[in-house]
Amino acid sequence: MSVNGEAVRVRTEADQADEPGWEVDPDDDWALAVVATVGRQLRLRREAAGMRVGEFAAAVGYGEDLVYKIETGKRIPRPEYLDTADEVLGAGGLVAAMKEDVKKVRYPKKVRDLAQMEARAVELQLYDPLNIHGLLQTPDYARGLLLMRRPAYSAEEVERFISARVARKAVFERDPAPELSFVLEEWTLRRPLGGRTRLRQQLEHLLEVGQLRNVELQVMPMDREEHAGLAGGIEVLKFEDGSTVGRSPAVANGRPVSEPRQLRILELRYGIIRAQALTPRESASFIEQLLGET
C-alpha cells in the first residue's frame with residue numbers, strides 16, 4: 001500500500017485506542033460540533049473525488065473503521081491524517097488547514113475553559129502546593145514532569161499537553177496586562193524533578209517573569225510554623241465586570257465557584273498565605289540563592 005510510491009502501514013482504530021485525547025467527549029458540545037463539521041467536509045470532498053471509503057482508506061493508509069468514525073464525527077483526526085487526506089484528495093491545502101479547527105478540541109474541555117477564563121481575567125491569584133504553577137513552567141520543565149506520569153503518557157500526548165500549557169502563557173502578553181500573583185512552595189523550587197539542568201532553567205525563568213511589572217512571585221519557606229494553604233491549591237480569577245471565579249480542591253470538590261461565601265473563603269485563605277510567605281523582593285533573592293546552589 002502506498003501514497004506517491006511510498007509504503008504506508010495501515011493504521012486502524014486499535015492504533016489510537018489507548019491514547020486519550022482522540023475520542024470526542026460526549027458532554028463537550030463545541031468539540032462535537034467542530035469534529036462533526038470537519039468529518040462532514042472530509043466525506044463531501046471524498047465523495048466529490050469519486051472515492052469509496054475503502055479506496056480512500058487504502059490511499060491514506062488508515063483502516064476503514066477509523067475513516068468512518070472520523071467522517072461521522074466520532075473521532076478526532078490526527079494532524080497527519082488531514083495532511084495525507086489533503087494530498088490524496090488534491091485539496092490544495094484546504095483540508096490540511098482544518099488542523100487549526102481541531103487543534104483546540106484535542107485539549108480537554110476543562111483545560112480550554114480555564115484558558116478562556118485566564119484570557120479574560122484582569123487579576124489572577126494562584127497557589128499550587130504540589131508543583132510550580134503551570135503558567136510559570138518552561139516547556140522543558142513541563143515535559144520532565146509529564147514524562148514522570150504513571151501509567152505513562154504517549155510521546156504525542158505529552159506534546160499535546162505541553163502545547164496547551166504554552167498556549168495559556170498568552171496571558172503574559174496581553175495588553176493591558178492582568179495583575180498576576182503567584183505563591184510557590186520552597187520544596188517545589190528545590191526538588192530537581194527532571195534533572196538539575198531543567199531546574200536551573202526553570203529558576204532562571206522565574207527570575208525573569210518576576211521582573212515583569214504586573215507579576216508578583218512569593219515563596220512559602222519550608223520553615224514556616226503556620227501555613228493557611230494546607231487544604232490545597234487556590235485559583236481566584238477576577239474580571240473587568242467585577243465578577244469573580246474561584247477554584248480549590250477544598251471547596252466544592254474543585255469545581256469553579258462564584259458564590260460570594262465560597263469566594264470569601266478562598267480569598268481569605270489566599271490573603272493569609274501571601275502574608276505568611278516571603279515578600280516578592282525576598283522571594284527573588286531566595287530564588288537567586290537556590291539557583292546558585294543548583
Side-chain angles (χ1 to χ4, degrees), residues 16 18-22 78-80 103-104 106-115 118-119 124-173 180-212 215-222 229-230 232-235 247-249 254 273 277-278 280 283-294:
Q16 289 179 282
D18 57 354
E19 291 187 22
W22 298 104
R78 294 172 179 267
E80 60 267 26
K103 181 170 65 175
K104 292 182 179 179
R106 289 165 53 195
Y107 307 138
K109 185 175 185 297
K110 62 181 181 181
V111 173
R112 298 200 315 270
D113 291 345
L114 177 59
E118 289 171 346
L124 295 89
Q125 300 175 338
L126 306 164
Y127 167 64
D128 186 340
L130 300 178
N131 295 295
I132 294 173
H133 194 279
L135 285 176
L136 295 173
Q137 292 175 12
T138 65
D140 199 41
Y141 186 84
R143 179 177 289 105
L145 294 183
L146 291 166
L147 289 174
M148 295 177 199
R149 193 256 197 183
R150 295 296 182 272
Y153 290 127
S154 68
E156 191 165 1
E157 192 171 7
V158 168
E159 296 306 316
R160 290 205 304 273
F161 283 129
I162 292 173
S163 296
R165 293 189 184 184
V166 170
R168 287 173 58 198
K169 291 180 183 293
V171 69
F172 290 103
E173 302 168 1
L180 295 156
S181 169
F182 298 89
V183 178
L184 309 170
E185 288 289 343
E186 177 185 344
W187 82 270
T188 66
L189 305 179
R190 286 188 176 278
R191 195 167 184 178
L193 298 175
R196 293 195 176 276
T197 299
R198 280 192 170 109
L199 179 59
R200 282 190 58 82
Q201 294 170 345
Q202 178 62 65
L203 294 176
E204 291 169 351
H205 178 66
L206 291 177
L207 290 173
E208 292 175 5
V209 173
Q211 293 176 2
L212 297 174
V215 176
E216 288 190 338
L217 299 184
Q218 294 180 248
V219 176
M220 177 68 80
M222 291 190 296
L230 299 181
I234 296 174
E235 296 178 355
R247 188 170 65 173
S248 172
I273 292 170
L278 299 175
S283 298
S285 298
F286 187 78
I287 294 172
E288 288 177 348
Q289 177 185 331
L290 292 179
L291 184 58
E293 297 173 359
T294 303

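Distance CG/L193 to CG/L199: 8.0 Å, rounded to 0.5 Å. Interatomic distance, L278 CG to S283 OG, rounded to the nearest 0.5 Å: 4.5 Å. Taking CG of L207 as the start and CD of Q202 as the end, the distance is 10.5 Å to the nearest 0.5 Å. Note that OG of S181 and CG of L124 are 9.5 Å apart. Values are rounded to the nearest 0.5 Å.
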From CA spacing to verdict: side-chain contact (heavy atoms from CB on, under 4.5 Å), Q125, E235: CA-CA 6 Å; Q125 300 175 338; E235 296 178 355; over 6 Å; no
Go through it in stages, so that I can follow the logic: the residues are T188 and L130, the test is side-chain contact (heavy atoms from CB on, under 4.5 Å), and I'd like the CA-CA distance, side-chain angles, deciding distance and then a yes or no. CA-CA 7 Å; T188 66; L130 300 178; over 6 Å; no
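The main-chain N or O of N131 is never found under 3.5 Å from a side-chain atom of W187 such that the two would form a donor-acceptor pair. Looking only at distances, no side-chain donor or acceptor of R191 sits under 3.5 Å from a matching main-chain atom of L189. Side-chain atoms of Q218 never come within 3.5 Å of backbone atoms of V183 as a donor-acceptor pair (strictly under, hydrogens ignored). Put simply, the side chain of E186 never gets that close to the backbone of M220: no donor and acceptor are under 3.5 Å apart.
Nearest heavy-atom pair, G233 versus S248, reported as atom, atom and distance to 0.1 Å: O-OG, 2.8 Å. The two atoms that bring P249 and G232 nearest to each other are CG-CA, 4.1 Å, heavy atoms only. Contact detail for L135 and F172: the closest heavy-atom pair is O-CE1, 3.2 Å.
More than 12 heavy-atom neighbours from other residues, nucleotides or ligands sit within 6.0 angstrom of CZ on R149.
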Contacts under 3.5 angstrom, residues 285-294 side chains, donor-acceptor by atom type, not counting sequence neighbours:
{"from": "S285", "atom 1": "OG", "to": "R281", "atom 2": "O", "distance (Å)": "3.3"}
{"from": "Q289", "atom 1": "NE2", "to": "E293", "atom 2": "OE2", "distance (Å)": "3.2"}
{"from": "E293", "atom 1": "OE1", "to": "R190", "atom 2": "NH1", "distance (Å)": "3.4"}
{"from": "T294", "atom 1": "OG1", "to": "L290", "atom 2": "O", "distance (Å)": "2.7"}

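Evaluation of the side-chain hydrogen bond (donor to acceptor under 3.5 Å, both in side chains) test over residues 132-144, restricted to residues two or more places apart or in two chains, returns Q137-R165, D140-R198, R143-E159.
A side-chain donor from one of Y127 and E185 sits under 3.5 Å from a side-chain acceptor of the other.
Proximity of L206 to L136: side-chain heavy atoms (C-beta onward) are separated by under 4.5 Å at one or more points.
When the salt bridge (Lys or Arg N to Asp or Glu O under 4.0 Å) test is applied to E216, the partners found at least two apart in sequence or on another chain are R274.
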